[in-house]
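One structure is given below, encoded as structure tokens.
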Amino acid sequence: QVQLVESGGGLVQAGGSLRLSCEASGLTFSSYNMGWFRQVPGKEREFVAAADRVGLITYYSDSAKGRFTISRDNAKNTVFLQMNSLNPENTAVYYCAAGPYGNRRSSGYAYWGQGTPVTVSS
């Protein structure tokens with residue numbers, strides 16, 4: 001049974017930082033691209049960042065570029081999202097996802113975590 005468990009969300013003031021983690025189990029982690037998505041109530045889930053199977057090739061949304069960094073530790077079956085210079089518009093539930101061909105599209109991912117909420121106060 002595949003499980004993706006996110007952690008690290010919470011409440012932070014504008015300008016602050018958070019580091020999200022997502023630990024995977026039940027799959028061969030190094031065989032999957034990993035992605036981070038976000039969702040605000042009433043809106044569609046949207047892409048934030050993705051990394052290839054070894055973390056050498058990364059993708060970012062325009063809003064994440066320059067402030068967020070995705071990385072992975074295949075020895076620990078974990079992917080991270082370092083988020084800096086946060087602003088209230090970054091408030092959302094953040095989800096990690098795994099897919100053998102995952103990229104910017106949610107359809108490229110087979111497995112999803114339950115999400116971790118991030119709230120940025122002004």
Side-chain angles (χ1 to χ4, degrees):
Q1 180 182 359
V2 175
Q3 283 192 313
L4 303 178
V5 180
E6 301 98 333
S7 61
L11 175 64
V12 63
Q13 288 189 331
S17 299
L18 281 176
R19 189 192 196 204
L20 306 184
S21 300
C22 171
E23 184 173 2
S25 60
L27 53 71
T28 304
F29 186 71
S30 59
S31 295
Y32 288 80
N33 290 356
M34 298 297 296
W36 286 96
F37 289 75
R38 50 168 275 164
Q39 190 167 24
V40 174
K43 293 191 176 182
E44 291 187 357
R45 193 168 297 185
E46 60 182 15
F47 171 75
V48 177
D52 73 348
R53 300 175 187 189
V54 295
L56 288 181
I57 300 174
T58 56
Y59 308 88
Y60 296 95
S61 66
D62 288 343
S63 61
K65 202 173 298 182
R67 297 188 299 126
F68 295 3
T69 302
I70 186 171
S71 61
R72 60 189 296 165
D73 184 342
N74 285 358
K76 296 182 178 178
N77 288 1
T78 302
V79 62
F80 305 97
L81 184 68
Q82 177 68 42
M83 304 189 295
N84 298 329
S85 301
L86 287 163
N87 58 65
E89 289 69 36
N90 298 129
T91 295
V93 177
Y94 285 73
Y95 298 87
C96 73
Y101 307 107
N103 45 38
R104 299 175 183 270
R105 297 184 178 184
S106 59
S107 59
Y109 295 88
Y111 305 106
W112 293 83
Q114 82 290 349
T116 185
V118 170
T119 303
V120 184
S121 63
S122 57

Assess whether side chain to side chain donor-acceptor pair (under 3.5 Å) is satisfied between Asn77 and Arg72, documenting all intermediate values. CA-CA 8 Å; Asn77 288 1; Arg72 60 189 296 165; over 6 Å; no
Non-neighbouring partners of Arg53 that pass salt bridge (Lys or Arg N to Asp or Glu O under 4.0 Å), sequence neighbours left out: none
Residue set satisfying salt bridge (Lys or Arg N to Asp or Glu O under 4.0 Å) with Lys65, at least two apart, ordered chain then number -> Asp62
Look up atom OG in Ser121 and atom CG in Leu86, then write down how far apart they are to the nearest 0.5 Å.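 Result: 10.5 Å between the selected atoms.
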Just verifying a value: how many Å separate Ile70 CD1 and Cys22 SG, rounded to the nearest 0.5 Å?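 Atom-to-atom, Ile70:CD1 and Cys22:SG are 9.5 Å apart.
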Are the side chain of [X] and the backbone of [Y] linked by a donor-acceptor contact shorter than 3.5 Å?
X: Tyr109; Y: Asn103; value: yes
X: Thr116; Y: Gly9; value: yes
X: Ser61; Y: Ala64; value: yes
X: Asn33; Y: Gly99; value: no
X: Gln39; Y: Ala92; value: no
X: Thr78; Y: Lys76; value: yes

Taking it one step at a time, do Trp112 and Ser106 satisfy side-chain contact (heavy atoms from CB on, under 4.5 Å)? CA-CA 10 Å; Trp112 293 83; Ser106 59; 3.8 Å; yes
So Ser17 and Met83, side-chain contact (heavy atoms from CB on, under 4.5 Å) or not? Walk me through it. CA-CA 5 Å; Ser17 299; Met83 304 189 295; over 6 Å; no
Decide side-chain contact (heavy atoms from CB on, under 4.5 Å) for Met34 and Phe29; before the verdict, give the C-alpha distance in whole Å, the side-chain angles of both, and the deciding distance to 0.1 Å. CA-CA 9 Å; Met34 298 297 296; Phe29 186 71; 3.7 Å; yes
Residues that Glu23 engages under side chain to side chain donor-acceptor pair (under 3.5 Å), provided they are two or more places apart: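 Glu23 satisfies side chain to side chain donor-acceptor pair (under 3.5 Å) with no other residue.
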